[in-house]
Amino acid sequence: SKNVVILISGRGSNMEAIINAAIPEARIAAVIANRADAAGLGFGQARGIATAVVDHKAFASREAFDAELATVIDGYAPDLVVLAGFMRVLTPDFVAHYAGRLINIHPSLLPSFPGLHTHARALESGVKLHGASVHFVTADLDCGPIIIQAAVPVCDDDDEKALSARVLAQEHRIYPQAVRWFVEGRVELAAGRARIRDAESGAEGWS
Ligand code: GAR
């Protein structure tokens, strides 16, 4: 099986979805947070998963934080590092160190709405479809090759809360799916693209 390290900053509901999916090939080696008060740490502990905190506020620079974070992550020999609501921008050195084995979920249909406040911006813009994307992390924020997306309708009476809940339900479906594909060797970063292999048919495609 493959060692998976999950990074969180808060609630950790995507982390929960991945753990609850009980993916046979995925061994959840650790949950690491950049805040001691990240609510999701308790869930990991309750499941007997190793947890750690690397508090970004204890470091003078992004480089110093990322270096310590990588040291802690590498202590768990990860095959895959999963950003699940991890709200820190990572340095190019960190991203390069995990090239091809670092994935993120973003609450929009990328390349629309990179960055923060995606649901409010979707409502403001008047789009009729919104959603979530799982992508390989590259040095450019929220711009890496897309592995899987889910779209939801934007309804006339939506507010941020209603829309974010509709998207989050899809996040909880597609993130475990992406992790499953990765640990089964069905998705890889190749030539700057997410290459998805269909295990059933053997067909290959480019997302
Ligand atoms: C999720 O909606 C995730 O897509 C988003 O934060 C939320 C975390 O929820 N991530 C980002 O905005 C990344 N920039 P969770 O802690 O319950 O998984």
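Counting convention: from 1, in listed order, for ligands and their atoms alike. Everything numeric here is computed off the predicted structure, so don't read it as measured data. Numbers for residues simply follow the sequence, beginning at 1.
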Counting non-hydrogen protein atoms only, what is the nearest one to [atom]? Give residue, atom name and distance.
{"atom": "atom 13 (C) of ligand 1", "answer": "Met87 SD, 3.8 Å"}
{"atom": "atom 6 (O) of ligand 1", "answer": "Gly85 CA, 4.0 Å"}
{"atom": "atom 9 (O) of ligand 1", "answer": "Arg11 NH2, 3.0 Å"}
{"atom": "atom 2 (O) of ligand 1", "answer": "Glu171 OE2, 2.9 Å"}

>> Any carboxylate oxygen within less than 4.0 angstrom of a Lys/Arg side-chain nitrogen, looking at Arg11 and Glu16?
In response: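 Looking at Glu16 together with Arg11, the answer is no, because their closest N to O distance does not fall below 4.0 Å.
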> For ligand 1, which atoms sit closer than 4.0 Å to a heavy atom of Pro107?
Replying inline: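 By the 4.0 Å cutoff, the relevant atoms are 4 (O), 5 (C), 10 (N), 11 (C), 12 (O).
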>> List ligand 1 atoms under 4.0 Å from Ser13, heavy atoms only on the residue side.
In response: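 Answer, ordered by atom number: 15 (P), 16 (O), 17 (O), 18 (O).
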>> When you compare the side chain of Pro145 with that of Leu189, does any pair of heavy atoms fall below 4.5 Å?
In response: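 Side chain of Leu189 against side chain of Pro145, heavy atoms only: contact under 4.5 Å found.
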>> Using side-chain heavy atoms (C-beta onward) and a distance below 4.5 Å, is Asn34 in contact with Val54?
In response: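 Contact flag for Asn34/Val54 side chains = no.
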>> So is Met15 touching ligand 1 or not, going by heavy atoms under 4.0 Å?
In response: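 Contact check Met15 vs ligand 1: negative.
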> So is Ile105 in contact with ligand 1, going by heavy-atom distances below 4.0 Å?
Replying inline: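 The answer is yes, since Ile105 has a heavy atom less than 4.0 Å from ligand 1.
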>> Show the nearest heavy-atom pair for residues Trp181 and Ile147, with the distance to one decimal.
In response: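 Closest approach of Trp181 to Ile147: CZ3-O, 3.7 Å.
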> For His130 and His119, what are the C-alpha separation, side-chain angles and deciding distance, and is it a ring pair (Phe, Tyr, Trp, His ring centres under 6.0 Å)?
Replying inline: CA-CA 8 Å; His130 184 45; His119 307 305; 5.0 Å; yes
> Just by distance, do the side chain of Asp66 and the backbone of Thr91 share a donor-acceptor pair under 3.5 Å?
Replying inline: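 Flag set: sc Asp66 to bb Thr91 pair under 3.5 Å.
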> Can you list the steps and then say if Leu41 with Thr51 is a side chain to side chain contact (heavy atoms under 4.5 Å, CB included)?
Replying inline: CA-CA 7 Å; Leu41 289 170; Thr51 63; 3.9 Å; yes
>> Which option wins on minimum heavy-atom distance to atom 16 (O) of ligand 1: Ala17, Gly12, Ala39?
In response: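 Nearest option to atom 16 (O) of ligand 1, by heavy atoms: Gly12.
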